[in-house]
Amino acid sequence: MSAVVLDGKKIGRLIEEELQNRFIDLQSKGVSPHLAVVIVGDDPASHVYVRNKELACERCGIKSTRIDLSEGISEQEILDTVNRLNSDDSVHGILVQSPLPKGINESLITDAISPEKDVDGFHKMNLGRLVQGDSSGLLPCTPAGVMKILDLSKIDISGKNALIIGRSRIVGMPMSILLAQRGIDATVTIAHSRTQNLSEICRRADLVVAAIGRPEFVKSDWIKPGATVIDVGINRVIDSSKKSGYRLVGDVESNASDIAGHITPVPGGVGPMTIAMLMSNTILATEIQSR
Ligand code: NDP
């Protein structure tokens, strides 16, 4: 059996196209959606992600401004930048690209962003709203993108066993809340580095969301035949046959596609969905601030 590939690039582009009407509505009111992206340091992967976000803004007509800060910058200087963007009425969305250099408290920076401009959806107010069962606000982009893939691909998860591997603040934890919410109704298990018998737990899962950050950590023989596999991981592995010297692999062994029913590819799965949801959040943030 070969799994149906869930094409995040195609679905992401559809979502971006569907934002056009809302974009035109905003423009007709004299409002131009504007995203500010702050990037600190020279991490090559972060620069690729930020470039992809800028390209998505271009596709959607959203103005983007990039603020490059040097690696050695202080926490206070990053906070000053965020505060300046908070008080700039022409900016509707603020994103501080993760990871930040060692020694910088990411939560402090995230929580300094005005909740209405928090297009990453990581501010404690936005996460708190989600915990309260309200998913109508600014949601974390990657878990929201996963929910969209499942919804638009008509994968029924109500009452099914969903395993999320990883409990980070940006992916695993909000993912577990979204899947367990009323109306979605998955039976959620969340695994992490202390989980015992992970392979056995995985073999019982109808849906596996892998967000670990370890290349091909989830083995294909852990996958229940016909299960849906969402591979969030993006890992660079050395490959001298590539011009770049590396290739991207997910957190799930690639031959899991022989066993799964549906699977997201890496690249081209969750990554483009994350970007599409960032565009969606930027439009929503602009609408919220223009009411
Ligand atoms: P984090 O490093 O913040 O979290 C990783 C999680 O994996 C932790 O909860 C950790 O457990 C868990 N983990 C680590 N080792 C094991 C193990 N041996 N067994 C079980 N669980 C384990 O990563 P992120 O959530 O930020 O990102 C995860 C992956 O997703 C990365 O590859 C990242 O690049 C990718 N990513 C992709 C995005 C996209 O758009 N496609 C967006 C965001 C991230 P513990 O809590 O116990 O330490």
Side-chain angles (χ1 to χ4, degrees), residues 5-9 11-13 15-16 37 39 43-53 55-56 95-100 102 104-107 109-110 119-122 127 139-150 162-179 188-203 205 208-219 222 229-237 246-254 263-281:
V5 173
L6 302 172
D7 187 340
K9 191 166 178 187
I11 301 173
R13 291 295 165 89
I15 291 169
E16 288 176 13
V37 180
I39 179 163
D43 177 50
S46 292
H47 279 262
V48 172
Y49 297 146
V50 167
R51 182 68 197 128
N52 287 338
K53 289 167 186 176
L55 289 171
L95 178 158
V96 180
Q97 182 64 42
S98 173
L100 290 171
K102 279 199 172 53
I104 305 282
N105 180 340
E106 287 210 22
S107 300
I109 305 294
T110 304
V119 285
D120 255 340
F122 299 157
L127 286 175
L139 299 177
C141 298
T142 301
V146 172
M147 296 307 290
K148 273 278 183 201
I149 288 198
L150 295 171
L163 170 65
I164 300 153
I165 315 179
R167 57 177 165 182
S168 70
R169 192 174 51 98
I170 66 171
V171 189
M173 197 53 82
M175 188 77 253
S176 69
I177 298 166
L178 284 169
L179 284 169
V188 175
T189 302
I190 183 155
H192 43 75
S193 62
R194 301 296 175 94
T195 299
Q196 295 180 358
N197 304 325
L198 182 56
S199 56
E200 283 169 36
I201 299 170
C202 198
R203 284 188 192 104
V208 179
V209 181
I212 311 157
R214 293 185 175 214
E216 304 200 294
F217 177 84
V218 176
K219 305 302 168 210
W222 297 8
V229 176
I230 306 290
D231 192 349
V232 178
I234 304 177
N235 307 289
R236 286 179 176 213
V237 296
Y246 68 86
R247 70 192 155 88
L248 296 178
V249 300
D251 284 347
V252 181
E253 244 181 3
S254 55
I263 195 162
T264 55
V266 178
V270 176
M273 290 302 296
T274 299
I275 290 184
M277 298 320 291
L278 174 66
M279 298 301 105
S280 174
N281 272 353

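Indexing begins at 1, ligand by ligand and atom by atom, following the structure's order. Keep in mind that the numbers below use all heavy atoms, side chains included, and drop hydrogens, waters and symmetry copies.
Not a single salt bridge (charged side-chain N to carboxylate O under 4.0 Å, His left out) links R214 to another residue, sequence neighbours left out. Residues satisfying the salt bridge (charged side-chain N to carboxylate O under 4.0 Å, His left out) criterion with E216, sequence neighbours excluded, are absent altogether. Taking R236 as the reference, nothing meets the salt bridge (charged side-chain N to carboxylate O under 4.0 Å, His left out) condition, with sequence neighbours excluded.
Judged purely by atom type and a 3.5 angstrom limit, D251 uses its side chain to pair as donor or acceptor with the backbone of I212.
Applying side-chain contact (heavy atoms from CB on, under 4.5 Å) to V209 and the options T142, I190, I164, T264 leaves one that passes, I164.
The shortest side-chain heavy-atom distance between V208 and C202 falls under the 4.5 Å cut-off.
Around ligand 1 you find T142, I165, G166, R167, S168, I170, V171, H192, S193, A211, I212, G213, R214, F217, V232, G233, I234, N235, V270, G271, T274, each with a heavy-atom distance below 4.0 Å.
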